[in-house]
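What you see is a predicted model, and the numbers here were worked out from it, not measured in a lab. Computation of the quantities below employed the complete heavy-atom set of this structure, encompassing side-chain atoms and omitting hydrogens, waters and symmetry-equivalent molecules. Along the sequence shown, residues are numbered consecutively beginning with 1.
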Amino acid sequence: PVQLVESGGGSVQAGGSLRLSCAASEYTYRRNCMAWFRQVPGKEREGVAATYTGGGSAFYADSVKGRFTFSQDNAKSTVYLQMNSLKPDDTAMYYCAASTTVIRSRCFRLDVPDFGYWGQGTQVTVSS
């Protein structure tokens with residue numbers, strides 16, 4: 001079965017850092033488009049960053065650009081989201097997602113319906 005397993009969430013003070021991990025089954029990982037979303041209660045799920053595991057630069061939402069960094073370990077079929085200079089507004093449930101159908105340009109649009117595979121989520125809480 002296709003699986004995405006996140007880890008690395010937690011509580012941190014503003015200005016701190018966390019690194020999220022998303023381990024993917026090999027099938028999912030090789031299907032190229034992987035992303036991070038976040039959601040707070042009562043709001044829509046928001047795309048944070050996306051990458052094409054076949055290579056190239058990652059895409060970042062304006063709200064996290066310069067603070068978050070997407071990386072990958074192909075040998076482990078794992079992607080990471082390094083989050084620095086965290087703000088209270090970054091508090092959310094973070095989800096790893098994968099798409100097996102979209103091309104790179106569409107991947108970076110971070111449209112929720114394009115992503116067929118989701119992890120269980122990991123909570124990030126940033127206190128002021």
>> Please give the remaining members of the hydrophobic cluster of Ile103, linking ILVMFWY side chains under 4.5 Å, ordered by chain and number.
In response: none

>> Among residues at least two apart in sequence or on other chains, which ones pass salt bridge (Lys or Arg N to Asp or Glu O under 4.0 Å) with Asp111?
In response: Arg109

> For Ala50, which residues count as a side-chain contact (heavy atoms from CB on, under 4.5 Å) partner, sequence neighbours excluded?
Replying inline: Ala35, Cys107, Phe108, Leu110

>> Test of understanding: with salt bridge (Lys or Arg N to Asp or Glu O under 4.0 Å), list the residues that count as partners of Lys43, not counting sequence neighbours.
In response: none

>> Enumerate the salt bridge (charged side-chain N to carboxylate O under 4.0 Å, His left out) contacts for residues 116-128, please, sequence neighbours excluded, ordered by first and then second residue.
In response: none

> Testing Leu4, Thr78, Thr122, Leu81 for side chain to side chain contact (heavy atoms under 4.5 Å, CB included) with Cys22, which one passes?
Replying inline: Leu4

> Of the non-hydrogen atoms in Met83 and Leu20, which two are nearest, and what is the gap between them?
Replying inline: CE-CG, 3.7 Å

> Mind checking whether Val112 and Tyr60 sit in one hydrophobic cluster, side chains of I, L, V, M, F, W, Y counted as touching below 4.5 Å?
Replying inline: no

> Is it true that a side-chain atom of Glu6 and a backbone atom of Gly121 form a donor plus acceptor pair closer than 3.5 Å?
Replying inline: yes

>> Considering only residues two or more places apart or on different chains, which pairs with a residue in residues 115-128 satisfy salt bridge (charged side-chain N to carboxylate O under 4.0 Å, His left out)?
In response: none

> Does Val64 share a hydrophobic cluster with Trp36, counting links as ILVMFWY side-chain heavy atoms below 4.5 Å and allowing steps through other members?
Replying inline: yes

> What closest approach, in Å, do Gly47 and Ala61 show between heavy atoms, and which atom pair accounts for it?
Replying inline: O-CB, 3.5 Å

>> Starting from Leu18, can I reach Val79 by hopping between I/L/V/M/F/W/Y residues whose side chains sit under 4.5 Å apart?
In response: yes

> Does Asn84 have any side-chain contact (heavy atoms from CB on, under 4.5 Å) partners at least two apart in sequence or in another chain, and if so, which?
Replying inline: Ser17, Gln82

> Tell me, which pairs form a salt bridge (charged side-chain N to carboxylate O under 4.0 Å, His left out) where one or both residues lie in residues 53-62, sequence neighbours left out?
Replying inline: Asp62-Lys65

> Considering residues at least two apart in sequence or located in another chain, which fulfil the side-chain contact (heavy atoms from CB on, under 4.5 Å) criterion with Asp90?
Replying inline: Arg38, Arg67, Phe68, Leu86, Lys87, Tyr94, Val126

>> How long is the straight-line distance from OG1 of Thr100 back to OH of Tyr117, given to the nearest 0.5 Å?
In response: 4.5 Å

>> Within this structure, what is the CE-CZ distance for the pair Met34 and Phe70, rounded to the nearest 0.5 Å?
In response: 6.5 Å

> Hydrophobic cluster mates of Tyr80, side-chain heavy atoms under 4.5 angstrom, ILVMFWY only, any path?
Replying inline: none

>> If we ignore hydrogens and angles and just use 3.5 Å, is the side chain of Ser77 paired with the main-chain N or O of Ser25 as donor and acceptor?
In response: no

> Nearest heavy-atom pair of Ser63 and Glu46: which atoms, and what distance?
Replying inline: OG-OE2, 3.4 Å

>> Counting C-beta onward and ignoring hydrogens, is there a side-chain heavy-atom pair between Arg106 and Cys33 closer than 4.5 Å?
In response: no

>> Taking side-chain contact (heavy atoms from CB on, under 4.5 Å) as the definition, give me every residue that meets it alongside Ser127, ordered by chain and number, with sequence neighbours left out.
In response: Gln13

> With sequence neighbours left out, what residues match Phe37 under ring-ring contact (aromatic ring centres under 6.0 Å, His included)?
Replying inline: Phe115, Trp118

> Minimum heavy-atom separation for Asp114 to Thr101, with atom names?
Replying inline: O-OG1, 4.1 Å

